[in-house]
Amino acid sequence: MILMKGRETKKARICQLLSLETTQAESLLEQARQHSKHATSLYEYTDKLRDLDPQTRILLIEAMWSVAYADENIDPLEEAVIRKTAELLYVDHADFIRAKLTVIDNDERD
């Protein structure tokens, strides 16, 4: 159940961020799963994402928080990955924290 909620959250956030249809998001997620089996660091991903405008990078970090919090619990390893990603994308620490609180606050209102 929790795993499925995380997958659905990923798919929904990708559709929202990239304006994709569900089938396109599913295909992109599958490609990412395959590629991640051979990945050695976050840098190879974030290097390409630095070209995004600052607001989009913040929205990406917020999307990562949404996926991490899909089970209403943020694992320390999830937080570490999001923190490192934010650093590599040059997302200010205040924006990193604001994105986290936005996700948690939105969940509490639902």
Side-chain angles (χ1 to χ4, degrees):
M1 171 75 174
I2 291 173
L3 184 60
M4 185 57 75
K5 188 173 181 180
R7 286 182 183 163
E8 293 303 314
T9 302
K10 280 186 223 176
K11 191 175 5 175
R13 290 309 298 251
I14 287 173
C15 288
Q16 178 186 27
L17 281 170
L18 303 177
S19 300
L20 299 177
E21 297 296 323
T22 302
T23 54
Q24 293 171 305
E26 288 169 348
S27 175
L28 188 60
L29 283 169
E30 182 54 35
Q31 289 174 35
R33 272 191 284 282
Q34 294 302 318
H35 189 268
S36 70
K37 292 178 183 178
H38 307 289
T40 57
S41 74
L42 289 173
Y43 180 80
E44 63 188 278
Y45 299 106
T46 57
D47 182 49
K48 295 168 182 69
L49 296 172
R50 280 193 211 112
D51 292 337
L52 298 171
D53 65 86
Q55 187 58 38
T56 303
R57 287 184 270 147
I58 293 167
L59 289 173
L60 176 62
I61 296 302
E62 188 176 306
M64 292 178 74
W65 281 122
S66 292
V67 173
Y69 198 65
D71 61 356
E72 298 180 356
N73 179 47
I74 297 174
D75 184 89
L77 182 57
E78 292 171 324
E79 183 161 357
V81 169
I82 299 168
R83 180 182 307 274
K84 186 63 177 176
T85 302
E87 290 171 4
L88 290 169
L89 292 177
Y90 306 120
V91 171
D92 186 70
H93 185 71
D95 292 323
F96 164 82
I97 296 298
R98 195 171 302 114
K100 178 181 181 180
L101 295 176
T102 297
V103 167
I104 293 170
D105 289 345
N106 286 343
D107 185 68
E108 289 175 358
R109 285 187 216 139
D110 290 342

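Since the model is a prediction, treat every value here as computed from it, not as a measurement. Positions are given from 1, in the same order as the sequence printed here.
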Practice prompt. Taking the side chain as every heavy atom from C-beta outward, state whether Leu88 and Arg50 have any atom pair closer than 4.5 Å.
Written response: yes

Practice prompt. Compute whether any side-chain donor of one residue and acceptor of the other, for Thr102 and Asp105, lie under 3.5 angstrom apart.
Written response: no

Worksheet item: Can you tell me how far the CZ atom of Arg83 sits from the CD atom of Glu78, to the nearest 0.5 Å?
Response: 13.5 Å

Worksheet entry | Within-4.5 Å side-chain heavy-atom neighbours: Glu79 and Lys100 | yes

Worksheet entry | Flag, side chain of Gln24 to backbone of Glu21, donor-acceptor distance under 3.5 Å | yes

Worksheet item: Out of curiosity, Leu59 CG to Asp53 CG, how far, rounded to the nearest 0.5 Å?
Response: 8.0 Å

Practice prompt. Check whether any side-chain heavy atom of Ile61 lies under 4.5 Å from a side-chain heavy atom of Asp95, and answer yes or no.
Written response: no

Worksheet, complete the sentence: In short, Ser66 meets Arg13 closest at the heavy-atom pair OG-NH1, 2.6 Å

Discussion item. Given 3.5 Å as the limit, does a donor-acceptor pair link the side chain of Gln34 with the main chain of Gln31, or not?
Written reply: no

Worksheet item: Just wondering, do Ile74 and Ile104 contact through their side chains at under 4.5 Å, heavy atoms?
Response: yes

Practice prompt. Evaluate the side-chain proximity of Phe96 to Ile82: yes if any heavy-atom separation is below 4.5 Å, no if none is.
Written response: yes

Worksheet item: Ignoring hydrogens and geometry, is there a side-chain-to-backbone donor-acceptor pair from Thr85 to Val81 under 3.5 Å?
Response: yes

Worksheet item: Can we say Asp51 and Lys48 salt-bridge, meaning some charged N sits less than 4.0 Å from an Asp/Glu carboxylate O?
Response: no

Discussion item. Given 3.5 Å as the limit, does a donor-acceptor pair link the side chain of Arg57 with the main chain of Leu52, or not?
Written reply: yes

Worksheet item: Under 4.5 Å between any side-chain heavy atoms of Glu44 and His35, yes or no?
Response: yes

Discussion item. Please determine whether residues Val67 and Leu29 belong to a single hydrophobic cluster, defined as Ile, Leu, Val, Met, Phe, Trp and Tyr linked transitively by side-chain heavy-atom distances below 4.5 Å.
Written reply: no

Worksheet item: So do Arg98 and Glu62 actually touch side chain to side chain, heavy atoms under 4.5 Å?
Response: no

Worksheet item: Would Trp65 and Leu60 show up in the same hydrophobic cluster when neighbours are defined by side-chain heavy atoms closer than 4.5 Å?
Response: yes

Worksheet item: Would Leu42 end up clustered with Ile58 when hydrophobic side chains under 4.5 Å apart are linked, directly or stepwise?
Response: yes

